[in-house]
There are 2 protein chains.
Amino acid sequence: MSDININIPEVSVDCVIFGFHATDLKVLLLKVDDSEYWSLPRGAVSRKESLGMAASRVLEETTGIGNVFLQQFQTFGAVDRYKHYSKEQTKAVLESSKKEATESLSYQSTISIGYYALVDFEKIAPPFKEYQWCAISEIPNLLFDHNDFVDMALVALRKDLRYLPIAKLLPEKFTLRDMQNLYETILDREFDRRNFHKLLMRYEFLIKLPEKRKGGANKPPNLYKIDVEKYETALQDGISY
Amino acid sequence: MSDININIPEVSVDCVIFGFHATDLKVLLLKVDDSEYWSLPRGAVSRKESLGMAASRVLEETTGIGNVFLQQFQTFGAVDRYKHYSKEQTKAVLESSKKEATESLSYQSTISIGYYALVDFEKIAPPFKEYQWCAISEIPNLLFDHNDFVDMALVALRKDLRYLPIAKLLPEKFTLRDMQNLYETILDREFDRRNFHKLLMRYEFLIKLPEKRKGGANKPPNLYKIDVEKYETALQDGISY
DNA sequence: TAATTAGTGCGTAAAATTTACACTAACTGT
DNA sequence: ACAGTTAGTGTAAATTTTACGCACTAATTA
């Protein structure tokens, strides 16, 4: 854990981790130790790192999740950061936590930079704290204004989906149906299977693997991976779905 | 000017003010007193205000520009914030400025929240410091990483233009040509006059005024204003150009 | 081994959207 | 009054998106 002196006072990075699997979109919540309170993964920013690095490190430290694509979406400001629980409640909760007490970041962070990521939640099991993957519609009251973070992160994700490296949002190998599910879940609308297929193929950044995914009571779907080079090129020219 | 104790240390709000008039897009630069160095309007964030309020206040205090729509676009992080001038140079420049010396915000801000606005630069004349409206392509080396701010603000503006309250980006009364110029300038492409007109009319949030703008050696164009209520509705449903 | 389920890949028709394009009207300056 | 300039307007063609049909394949299950 970092030396208290190198952290920027009152500034934190807070992460909304969307977990995507099949057709479910959930958010990773952490329980503050020895309490019944939930919050997003968060942590202080060191003077020795960029914001992106801080977000990665915080996520890794609080959840064990590493090497994911994090996207900054909004910074939240200085007043009225206590939405469902008062400042006093929040202070009490966090100070009763041993972990929090040893960290330089207190309940008093007044500036929080919001990041989101999208991961496959079946593959991620935070080893540290108590956690919960919670469906978007069923998120309980969170500490600070973290409920606002989730709302704004989803808005940003939907906007960004047209431009962002979807490569990072799926496992290495995936089926066309996986990809379609991803888009349908996030955008909350349906696509025609054949048209979606055609659209994707136009951009030519998918590599068809010689493998199939067996197991279902049906013809096994082909697996694909991203051709990173072609994908980058396509991004330059602008991808739209 | 605010009491030093209520400001959040090392956090600033930095503003990219796009000046739009006719077909020119420029950026407002301030000269640091008694120096040859340029920077963006910036200032500290008080604990007693939201980020949006801080941005408005800072802009008002440094340039006299008030009551404009400011949009947060990105927060810049803790390392490598000295791009064209070293930390020592920056420190020397700012400390030689009487104004800066009396402010709590020093050269040491490590977190900066970027806001942009779009105003009519013919109507705005900052009364305080030396300033310059500078064409995007001719911006000199700025203090900190302010050149990056300008680049990123323009990227954000172009993206946002599809969803944002254009109502705030134009004077109260405007012609369809004004609006077209705004879009053509920002997006750096041309539109067909009739098609643009049709597109705008589809959303039905323009109110045709009984006035025309006389003065030119041509048929006087009609003036319009925004129907705020219908505009808000249209925003919900999603506007695209 | 037949029925079922779902992926793959082609095509095509309908619908929606985008683009291209030409004339008349109203004002100013001379 | 006339030349120059920009405003205002509708329609048809081209393109893109969407819907969906069909033939074929390959696995599971009853």
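We name chains A, B, ... by the order of the sequence lines, and we start the count at 1 in each one. All values below were derived from every heavy atom in this structure, side-chain atoms included, with hydrogens, water molecules and symmetry-related copies excluded.
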Original post:
Going by the angle between their ring planes, with limits at 30° and 60°, are A:Tyr183 and A:Phe191 parallel, tilted or perpendicular?
Top reply: perpendicular
Subject >> Nearest-0.5 Å distance that lies between atom CE in B:Met201 and atom OH in B:Tyr224 >> reply: 3.5 Å
Original post:
OP1, OP2 of D:dC20 versus side-chain N and O of A:Arg194: anything below 4.0 Å?
Top reply: no
Original post:
To the nearest Å, how far apart are A:Phe191 CZ and D:dT18 C1'?
Top reply: 12 Å
Subject >> Residue mapping more 5' on DNA chain C - nearest nucleotide basis, A:Leu223 or A:Asn195 >> reply: A:Leu223
**OP:** Side chain of A:Pro220 only, please: which of C:dC27, D:dC20, D:dA26 is the nearest?
**Re:** D:dA26
Original post:
Hey, does the side chain of A:His197 come within less than 4.0 Å of C:dG9's phosphate (OP1/OP2), counting only N and O?
Top reply: yes
Original post:
How many Å lie between CG on A:Asn222 and P on C:dG7, as a whole number?
Top reply: 12 Å
**OP:** Taking all non-hydrogen atoms of both residues into account, name the closest pair between B:Val58 and B:Pro41 and its distance.
**Re:** CG1-C, 4.5 Å
**OP:** Rounded off to whole Å, could you give me the CG-to-P distance for the B:Leu200 and D:dG8 pair?
**Re:** 12 Å
Subject >> Spacing between A:Lys198 atom NZ and C:dG7 atom C1', to the nearest angstrom >> reply: 16 Å
Subject >> Separation of D:dT9 P from B:Lys219 NZ (nearest whole Å) >> reply: 7 Å
**OP:** Between B:Tyr224 and A:Ala217, just flag the one whose closest nucleotide in DNA chain D comes earlier from the 5' side.
**Re:** B:Tyr224
Original post:
Taking for each residue the nucleotide of DNA chain D bearing the nearest heavy atom, is the 5' side occupied by A:Lys212 or by B:Asp192?
Top reply: B:Asp192
Original post:
Which comes earlier along DNA chain C counting from the 5' end, the contact point of B:Arg202 or that of B:Arg193, where each point is its nearest nucleotide?
Top reply: B:Arg202
**OP:** For B:Leu206 and D:dG8, give me the distance from atom CG to atom P, rounded to whole Å.
**Re:** 12 Å
Original post:
Going by the angle between their ring planes, with limits at 30° and 60°, are B:Phe121 and B:Trp133 parallel, tilted or perpendicular?
Top reply: tilted
Original post:
Given D:dT11, C:dC27, C:dA6, which nucleotide is nearest the side-chain atoms of A:Asn218?
Top reply: C:dA6
Original post:
Do the rings of B:His146 and B:Phe144 sit parallel, tilted or perpendicular, given the 30° and 60° boundaries?
Top reply: tilted
Subject >> B:Leu176 CG - D:dG8 P separation (whole Å) >> reply: 6 Å
**OP:** Rounded to the nearest angstrom, tell me the gap between atom NZ in B:Lys208 and atom P in D:dT9.
**Re:** 5 Å
